[in-house]
Structures are given as C-alpha cells and as structure tokens.
Amino acid sequence: IPSLRHLHEATVEQALGDALAVARPRVLPTAELARLAAGPAEPANGLGQDATARIVSGEADVFVASCTDITHSPFGAPGQVCPSPFSGCFSCPNAVFTARRLPAVIAYQHHCEAETKRWPATEWQRRYGEAYRVIVDEILPVMTDEEVASATAEAGTAFVPAEVRR
C-alpha cells in the first residue's frame, strides 16, 4: 500500500539498526568497568554474569579485546575455539573493548595506517577498512584523552602478532 510506504521503510530501518547494534562489538568505558568491578555487579550491557566477571577480571582478554565466549564464535563451530584472526574482533558481537587492551588496539591502528602506503585503496579497504573504522569511530571516542595518550605511548611496546609485524 503506497500510503504506508513510509511506515514500512521506517520499520525496516529500525530493525536493521537493532540488528546491527546486537552484531557490533561493545566498548566498555573505564568508569563502567570500575563500577562492575566494585560489585556485586549487574551484568554489563546484555552480557551474562559469568562473562561480565571474566571481562572485569581480565580473564577474557585476548589481543585487542575481551571475548565474552571464545568457544561460541560467530565465525566457527560451537564448542570450538574461535578460528578468526584477531582482526575479526572488530566486527564480532563477542568482543568487548576496554582501555586495558587499548595499547594493542592503537598498535593495530598504526599498522593499518602504515598499510595505506602498501596497498591500493580498494584493497586496503577490504583488508583493514572495517577494523580501522571501528577503532576510530567506535572505540577511541569512548576512551578518555588520558587513556588514549597513555595507550599511544605504550603502543610501541605492546605485543603485536607476527602477521602485523613487518
């Protein structure tokens, strides 16, 4: 019905936005992490009590993020350890980014920036574009200026996987 087209389009737009919000990695500000650590913690933003506890403690930390459930990855079979390289964390709903892993995130950001000289724009976008966008548009804006400055200073000494080193 043409007269209802605007309602249909608005409904589809809202549904797509809701789906993307669930499918995106989460960024947990330090103040929220501290509130959760002070406990007894309510689960963080849609996470279960166990996942929240592992994130708060650092037990769930991997290279660039915390992982809410590394054996139930959207990239692999249930019960198997996630087969995705760490760059997959930037588009994974299991990823939770905190300031604790920010030096590694910034090290990867610097790697992505350096790779612009190596690859044509379309290939760089395919390889690094989404991760870089998440870093710049979703992770860094949530962190404080002090956290970003400190992590940038540490980024040169952060562990970097072999596939990122040149």
Side-chain angles (χ1 to χ4, degrees), residues 14-113 115 127-165:
Q14 180 66 45
L16 288 172
D18 291 348
L20 284 174
V22 172
R24 303 300 307 154
R26 298 170 182 92
V27 182
L28 199 59
T30 299
E32 177 68 4
L33 194 62
R35 183 190 70 75
L36 293 168
E42 296 177 16
N45 192 14
L47 300 175
Q49 199 78 24
D50 290 342
T52 298
R54 287 192 314 277
I55 290 164
V56 167
S57 71
E59 179 185 333
D61 284 2
V62 291
F63 175 55
V64 292
S66 289
C67 184
T68 61
D69 194 344
I70 202 161
T71 59
H72 289 87
S73 164
F75 306 116
Q80 301 293 315
V81 173
C82 178
S84 180
F86 74 87
S87 57
C89 295
F90 293 101
S91 60
C92 182
N94 287 357
V96 179
F97 292 90
T98 66
R100 201 170 43 233
R101 301 304 310 142
L102 195 55
V105 169
I106 291 176
Y108 189 61
Q109 174 193 10
H110 292 167
H111 171 74
C112 292
E113 291 165 349
E115 291 295 287
R127 290 174 179 256
Y128 304 104
E130 178 62 9
Y132 189 78
R133 187 200 63 74
V134 169
I135 293 167
V136 172
D137 294 344
E138 296 182 35
I139 299 171
L140 294 180
V142 173
M143 303 299 167
T144 66
D145 292 342
E146 294 79 18
E147 289 168 333
V148 172
S150 176
T152 300
E154 292 177 41
T157 61
F159 168 77
V160 179
E163 67 260 28
V164 175
R165 286 184 252 137

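The chain is numbered in sequence order, starting from 1. Note that this is a predicted model, so its numbers are computed, not measured.
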Practice task
Verify the ring-centre separation between Phe90 and Tyr108: is it less than 6.0 angstrom?
Solution key: yes
Handout entry: 4.5 Å side-chain heavy-atom contact, Phe86 and Val62
Key = no
Practice task
I would like to know whether Leu140 and Leu102 meet side-chain contact (heavy atoms from CB on, under 4.5 Å); could you show each step before the answer?
Solution key: CA-CA 9 Å; Leu140 294 180; Leu102 195 55; 4.0 Å; yes
Problem - Thr68 side chain reached by Thr52 side chain, heavy atoms, under 4.5 Å - result: no
Exercise for the section: State, yes or no, whether a side-chain contact exists between Pro25 and Cys89 at a heavy-atom distance under 4.5 Å. Expected result: no
Practice task
Starting at SG of Cys112, measure out to CZ of Arg133 and round the result to the nearest 0.5 Å.
Solution key: 12.5 Å
Problem - CD-CD1 distance between Glu130 and Ile135, expressed to the nearest 0.5 angstrom - result: 10.5 Å
Handout entry: Side chain proximity check, Glu32 to Pro29, heavy atoms < 4.5 angstrom
Key = yes
Problem - Distance (rounded to the nearest 0.5 Å) between Leu28 CG and Ile139 CD1 - result: 12.0 Å
Handout entry: Side chain proximity check, Ile55 to Asp61, heavy atoms < 4.5 angstrom
Key = no
Problem - From NE2 (His111) to CD1 (Ile106), nearest 0.5 Å - result: 15.5 Å
Exercise for the section: Check whether the side chains of Asp69 and Thr71 place a donor and an acceptor atom closer than 3.5 Å, and report yes or no. Expected result: yes
Exercise for the section: Provide the closest heavy-atom pair for Ser84 versus Gly88 in the form atom of the first, atom of the second, distance. Expected result: OG-CA, 3.4 Å
Practice task
Kindly indicate whether the side chain of Thr30, heavy atoms from C-beta on, has any atom under 4.5 Å from the side chain of Thr98.
Solution key: no
Practice task
Not counting sequence neighbours, which residues clear side-chain contact (heavy atoms from CB on, under 4.5 Å) with Thr144? List them please.
Solution key: Glu146, Glu147
Handout entry: Side chain Arg101, main chain Phe63, donor-acceptor under 3.5 Å
Key = yes
Handout entry: Distance, nearest 0.5 Å, that separates CZ of Arg26 from CZ of Phe97
Key = 11.5 Å
Exercise for the section: For the residue pair Glu113 and Tyr128, confirm or rule out a side-chain donor-acceptor distance under 3.5 Å. Expected result: no
Exercise for the section: Determine yes or no for a side-chain-to-main-chain donor-acceptor pair under 3.5 angstrom, with Asn94 supplying the side chain and Cys67 the backbone. Expected result: no
Exercise for the section: Drop me the distance from His72's NE2 to Gln80's CD, to the nearest 0.5 angstrom. Expected result: 10.0 Å
Handout entry: Flag, side chain of Thr157 to backbone of Glu154, donor-acceptor distance under 3.5 Å
Key = yes
Practice task
Over all heavy atoms of both residues, which pair between Arg100 and Gly58 is shortest? Give the atoms and the distance, please.
Solution key: NH2-CA, 3.4 Å
Handout entry: Nearest atoms (heavy-atom pairs only) where Ala155 meets Ala107
Key = O-CB, 3.7 Å
